[in-house]
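Only one structure is covered here, and it is reproduced in the block below.
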Amino acid sequence: LDAESQRLFFALWPDEIVRDRLHGLSARFLRPGSGRPVTPDNFHVTVFFLGDTDTAKRACAEQVAGTVSRQAFTLTLDQVGYWQRPQVLWVGATRTPEELLALVGDLNVGLSACGFSPERRDYRAHVTVARKVRRGPHQLAAVDAVSWRVERFCLVESVTESAGVRYRVLRCWALG
Ligand code: ATP
Ligand code: MG
């Protein structure tokens, strides 16, 4: 890793209202002692994980982001689930909007040309609300929907501090 390397990802970043609603919703699913809640300031939906990125690759990624021309969409977060292997509790969407899939698709294509590895698994839009959850619900639970109007996507830096990881929004691009 050179000195200029940053740990980066593209994400959907909630406003305060969506963040507060997700916080309230997730609090009801967290039992005391079960895992580490994510601080609401860190709530996000990852669109594409770039990982350790040097200056040249970051410039390439920003150039790709600038060429994306997709519509704004409404993301309806309406279920809570648990993934055993990464041990995370999440709030997600039963239905992934076509425009979000198109955004992910455009980024996969463009960023591959920059040398980033696209995600091979199906895209699952989710907000991780707790980590290191050893035991979680086996079944998906429907929850009161949080309706999130998504009008931009952002480049975010993951910064590791003594207090834990913190995400810093570097730059956003508008969706039409
Ligand atoms: P930490 O790794 O320090 O426990 P974190 O996982 O929240 O914290 P990052 O690893 O920097 O922080 O990840 C930033 C975002 O990218 C998170 O939403 C994470 O789930 C996602 N992410 C991390 N690694 C990958 C990966 N290999 N593929 C897809 N998404 C990833
Ligand atoms: Mg991680």
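Numbering of ligands and ligand atoms starts at 1, following listing order. Below, each value reflects all heavy atoms present in this structure, side chains not excepted, and no hydrogens, waters or symmetry copies.
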Q.
Between T67 (side chain only) and A65 (backbone N and O only), is there a donor and an acceptor less than 3.5 Å apart?
A. no

Q) Which atoms of ligand 1 have any heavy atom of S158 under 4.0 Å away? A) 9 (P), 11 (O), 12 (O)

(Q) For atom 12 (O) of ligand 1, what's the nearest protein heavy-atom neighbour? Residue, atom name and distance, please. (A) Y167 OH, 3.1 Å

(Q) Under a 3.5 Å threshold, yes or no: a donor from one side chain and an acceptor from the other, between E157 and Q6? (A) yes

Q.
Under a 3.5 Å distance rule, please check whether Y82 uses its side chain to pair with a backbone N or O of R134 as donor and acceptor.
A. yes

Q | From W13 atom CH2 to Y167 atom OH, the distance as rounded to the nearest 0.5 Å | A | 7.5 Å

Q.
Within this structure, what is the CG-NE2 distance for the pair L22 and H44, rounded to the nearest 0.5 Å?
A. 12.0 Å

Q: For atom 15 (C) of ligand 1, find the nearest protein heavy atom and state the residue, atom name and distance (0.1 Å precision).
A: T46 OG1, 3.7 Å

Q: For atom 3 (O) of ligand 1, grab the closest protein heavy atom and report residue, atom and distance to one decimal in Å.
A: V165 CB, 4.1 Å

(Q) In this structure, does ligand 1 have an atom that sits under 4.0 Å from one of the heavy atoms of T128? (A) no

Q: Identify the protein heavy atom lying closest to atom 10 (O) of ligand 1, giving its residue, its atom name and the separation to 0.1 Å.
A: R7 NH2, 2.7 Å

Q: Starting from atom 30 (N) of ligand 1, find the nearest protein heavy-atom neighbour and note its residue, name and distance.
A: F49 CB, 3.4 Å

Q: Can you measure from CZ (R124) to OG1 (T46) and round to the nearest 0.5 angstrom?
A: 13.5 Å

Q. What residue and atom, counting heavy atoms only, is the protein's closest point to atom 28 (N) of ligand 1, and at what distance?
A. E119 OE1, 3.8 Å

Q.
Keeping D78 on the side-chain end and V146 on the backbone end, is there a donor-acceptor pair under 3.5 Å?
A. no

Q. Considering all protein heavy atoms, does one lie under 4.0 Å from atom 7 (O) of ligand 1?
A. yes

Q) Do the side chain of R131 and the main chain of V88 share a donor and acceptor less than 3.5 angstrom apart? A) no

Q.
Please check whether R121 reaches ligand 1 - meaning an N/O of the residue sits under 3.5 Å from an N/O of the ligand, judged on distance alone.
A. no

**Q.** For R131, the ligand 1 atoms whose distance to one of its heavy atoms is below 4.0 Å
**A.** 5 (P), 6 (O), 7 (O)

